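Accompanying notes for the structure given below.
Every value quoted in this text rests on a predicted model; they were computed, and no experiment measured them.
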Amino acid sequence: MSDELLHLTVLGCATPYPSADNPCSGYLVSSGDTRIWVDAGSGTLGPLQRHVRLDELDAIWISHLHADHSADLLTAYYGALYADIRLAAPIPLYGPPGIAGRLASFLTNTPARSPIESAFAVTELHDGHRADVGSLQLTSRAVSHGIPAFAVRIETAGKSLVYSGDTAPCPSLTELAEGCDVLLCEAESAQAPAEGEQVHHTPEDTGNTASTAGAGRLIVTHVGRFLTPRQAVARASARFDGPIDYAAPGTTFSIG
């Protein structure tokens, strides 16, 4: 595969807990020698190691602090500091405000605070945050999920991937995804909730967001347990005319 391509590998996409053959939300995004673990949901650290070791990651990016998107940071911490990994430097970790304190609260078992910063160099996200990680440029936008949550646009050499994280349809996600090559968008809700209660996309919302943003391709992910992937793709396709895929665990998509 060409080093100029952008690659998306699905580690898992289950919600709200892993199934026997599908970890929770987690993805490896790579281009050339640059590799980013995007969301670290329950069970994703295992399949991540088919592709990259912890000490080979250039960064970790976390959309929000629900366990199905972040819980494997806890086991990654132990792996980074207390096993066969020898970090040359802490792994850059981009995440919502308060992420270091949340990790430390769980991991600290003695009067001394666990050394979170020995494993992770934490940068807190904010709306419009930008970062360069190797050959990749990351832009994060705050989205609507009832807690601090972010979507991200990852770009390199004119290619672009946008990941929604978990969110209700919102202008900031649509703006972030404008003209992107691929939109990786959640479709957890089987039906639209009551007004004012929405924190996820339905499949129809997913199609609408992709269509309004002018995305070149839609990948449906994080499908709720009251839907099958086939149902979610079919419902999204009623609102989006472009190519649609499902983020099947283990699949690698090449962009470019």
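No side-chain donor-acceptor contact under 3.5 Å links Asn22 to the backbone of Ala20. Looking at Arg230, its side chain never comes within 3.5 Å of a backbone N or O of Leu227 through a donor-acceptor pair. For Thr212 (side chain) and Thr209 (main-chain N/O), no donor-acceptor pair under 3.5 Å exists by modelled atom type.
Ring geometry, His145 versus His64: the interplanar angle exceeds 60°, so the pair is classed perpendicular (tilted spans 30 to 60°). Ring planes of Tyr82 and Tyr78: tilted class, angle from 30 to 60°.
Remark: of the listed residues Ile99, Ile116, Thr123, Ile99 is the sole one forming a side chain to side chain contact (heavy atoms under 4.5 Å, CB included) with Leu93. Residue His7 is tested with Ser254, Ser31, Ser30 for a side-chain hydrogen bond (donor to acceptor under 3.5 Å, both in side chains); the sole match is Ser254. Shown are His222, His200, His201; of these, the side-chain hydrogen bond (donor to acceptor under 3.5 Å, both in side chains) with Glu186 is made only by His200. Here the options are His69, His66, Glu188, the test is side chain to side chain contact (heavy atoms under 4.5 Å, CB included), and the partner is Thr15; only Glu188 passes.
Under a hydrophobic-cluster definition in which Ile, Leu, Val, Met, Phe, Trp and Tyr are linked whenever side-chain heavy atoms come within less than 4.5 Å, directly or via other members, Ile244 and Ile219 are assigned to different clusters. Note: the hydrophobic cluster containing Trp61 does not contain Phe120 (ILVMFWY, side chain heavy atoms under 4.5 Å, direct or indirect links).
Annotation: side chain of Thr252 is not in contact with side chain of Leu8 (no heavy-atom distance under 4.5 Å). Residues Pro16 and Arg225 are in side-chain contact: their nearest non-hydrogen atoms beyond the backbone lie under 4.5 Å apart. Taking 4.5 Å as the limit, every side-chain heavy atom of Val29 sits out of range of all side-chain heavy atoms of Trp37. Between Arg141 and Leu173 the shortest side-chain heavy-atom distance does not fall below 4.5 Å.
Salt bridge annotation for Asp181-Lys159: absent, with no cationic side-chain nitrogen under 4.0 angstrom from a carboxylate oxygen. A salt bridge is absent between Glu204 and Arg239; no separation between the charged side-chain nitrogens and carboxylate oxygens falls under 4.0 Å. Residues Arg86 and Asp55 are not paired through a salt bridge, judged by the lack of any N-O separation under 4.0 Å between the basic side chain and the carboxylate.
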Next item on the list: Give the intermediate values and the outcome of side-chain contact (heavy atoms from CB on, under 4.5 Å) for residues Tyr17 and Asp68.
Entry: CA-CA 6 Å; Tyr17 61 93; Asp68 60 337; over 6 Å; no
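Residues His129 and Tyr94 bring their aromatic ring centres within 6.0 Å.
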